[in-house]
Amino acid sequence: MKVICNRGALLEALTVAGNVVAARTPKPVLQCVKLTAADDRLTIAATDLEVAIRYSDPQVQIEQPGEVLLPADKFRDIVRESIDDTLSIEVVNDQAHIKGQDSHFKIYTQAVSDFPPVPDFEGEPDFEVPGGLLKQLIGQTLFAAARESTRYAFNGVLIVAKNKKLNLVSTDGRRLAMAKSDLAANGKLGKDGAQAIVPAKALNLVDKLIDDPEEPVQFQMRENQIIFHTSSATLTSNLVEGQFPPYEDVIPKDADKTMTAATADFLSAIRRAALLTTEESKGVRMSFTKKGLQLTSRSPESGEAEVNFACKFDGADVEIGFNPTFLTEALRVVDSDEISLELTAPNRPGLLKGGQNFLYVIMPVNLQ
Amino acid sequence: MDAFFASVEQLDNPSLRGKPVLVGHDGPRGVVAAASYESRKFGCRSALPMAIAKRLCPQAIIVPVRMHRYLEMSDRVFAIFDEFSPLVEPLSVDEAFLDLNGTERLQGAPEAVARRMKKRIRDETKLTASIGVAPNKFLAKLASDLEKPDGLTIVHAEDVDHILPPLPVSKLWGIGRVTEAKLESVGIRTIADLRRVPRELLERHLGSEAERYWNLAHGIDHRVVTPDRDAKSIGHEQTFEVNVADPDEIRVVLMDQVEHVAQRLRKHGIQARGISLKIRYGDFQTITRSRTLATSTNSTQELWQAARDVFNEWPFQPVRLIGVSAERLSSGDEQMPLFTDPERERQKKLDAVADQINQKFQKRTIGRGVRPK
């Protein structure tokens, strides 16, 4: 195999693939990337057996097709530190020679046959979504997923495609985010549609793969895998096993109190009130009346905070506590200038709505 | 409490009253867990090897340890403590510090309070207690030991200079046999001896602890009474008289400890985020192993699961001591869950009912068992 690569494009490809490469693994082969030179492009493949990626780099000149397995971090470091616009990579026996104008690196390769298969995107997509829209859906849900919950389903984002709708839902058991969108066409989806819990790591990568908001991302949903495809990459992920909790049941439908406010102002008020919360007393007390909203917090060691926030409030007075971080995280991803917060009682969930397509359910804190 | 385990035995079995009683295992490696005052006249005391105690007092009646029963009585005594102060720091199953600061207007002078408390304990449990009233924890503990049994000793700040000097240094908090021997080798036997030694010299013998001991020798102790709800950890441990070679037997004790710890957490509305096990093996090697819990909890079942998992993880050898403590405690704002976990709810109800029953009957009427592995 011999190729001449644009160094910048190659570095980008290796950086994306590097997100998949296993950090600690009993199988050293998983710390490699596989390079395939064929059909006028260089394909870089990586897998940690949960998530696999194929990234194709067209900015290459192929002198001799072939494939090679290289240690991911060493190879990426060489490409990053090199000073040339182009690098040549040539494989001779079990050594790869990476040459710039004044440098020559020899790296020992590993047997390509040891590398697990990395699936390609084959056949028709089930449906497709513009990249920009998918990026927004991911941004509005991924943050609310759990990281290391023992309830595995909490560690992923539920994707539901049905009736020309694509919804993403995530929860960590204390709050729940839901972002909705319309599909241009139902594609190959059947009447029952399809749904899957996708690991946070995979969605995080999909988000990084999208750079053109207009370009569509194609989906294929299988029994225990989901495949995302863009013009430059194919990402395959195993699904999270387990049952997603009955999220529709916890979305409040009987709220009789509603606050409406400008998103940025509400965010600012909460951030200020949260300045005097601590690990012990992490709740912000929110007292809603006709006159508006009073936010207070107290830190036994430092002092107290009070913010009087002018907003519209309909319904009976209510006092409720929330973890301010849960609110600010959601307010940062709202894409409308105005939000509403619907409440029922101090021990019932609140419902934050931003625009037509974003819902956020947040369970209160029992204030001491 | 005076000779607590032995007194409970004499209470439950009238034929033991007025007689020398030793609580503990009557075997070649048995150790005295408690000695009644009748047996102490002959030199018996707790922690003495049973074989020696029997030689000192051949007529003593030896009864086995019934920890469950002592814990029941302990709960009743602690319930009485709670009536007298909001700040009760348990020291062991039968000892506690009570902070009476600020209760004078409500309850009267500390001496009168102590008298009433002794009466309450006697009326309620038929057991006697010895109380020390003093300006700080060290002096209070010292005072409580001065007139046992059934004692009441008041130590005022001005008494310090005549009470402390003649006492042996071992009366100072934290001075055990090793330090005592070290001090004796340089001629320091009494607190008076220690007071005469210049600070620098003391530092050479005692290192960083010198200042603390110097303070104690002058009756100075700044430690505050720390009730469970302010504690950094809440735990229980038990030393066995002999090495216990049956892991199931240890599991039973561990469950009992976890249950007691969990009850104390719930009583004060505290949640624990971590659990720590202390295991001392027969060769006196001691290990401490901790685990972080997924979410804060005070559920007996969840704490037990974590404790059991840690215990099972370590290759079993005969055990001399087992202890468990709940750590990373918080009593702050409680985040409510969005989805109910049916098992968690069930356990919560179970704990609440068990706590209610135990509270109503003022003893450990109901407890959990352990399924043998």
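Both backbone and side-chain heavy atoms feed into the values below; hydrogens, waters and symmetry mates do not.
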Checking [X] against chain B: side chain, backbone, both or neither under 4.5 Å from a heavy atom?
X	answer
A:P349	side chain
A:I362	neither
A:F326	side chain

Residues, nucleotides or ligands: over 12 heavy atoms within 6.0 Å of [X] [atom1]:
X	atom1	value
B:R308	CZ	yes
B:K232	NZ	no
A:R348	CZ	no
A:K201	NZ	yes
A:K353	NZ	no
B:E313	CD	yes

Is the shortest heavy-atom distance from the side chain of A:D249 to the side chain of B:F339 under 4.5 Å?
->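 Not touching, per the 4.5 Å side-chain cut-off.
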Short question: side chain of B:Q335, backbone of A:M363 - any donor-acceptor pair under 3.5 Å?
->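 A pair under 3.5 Å: yes.
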Enter the distance from B:M336:CE to A:N347:CG here, rounded to the nearest 0.5 Å.
->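 Spacing of CE (B:M336) from CG (A:N347) equals 5.5 Å.
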Locate the shortest heavy-atom distance separating A:V250 from B:L338; write the atom from each residue and the value.
->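 Of all heavy-atom pairs spanning A:V250 and B:L338, the closest is CG1-O, 3.6 Å.
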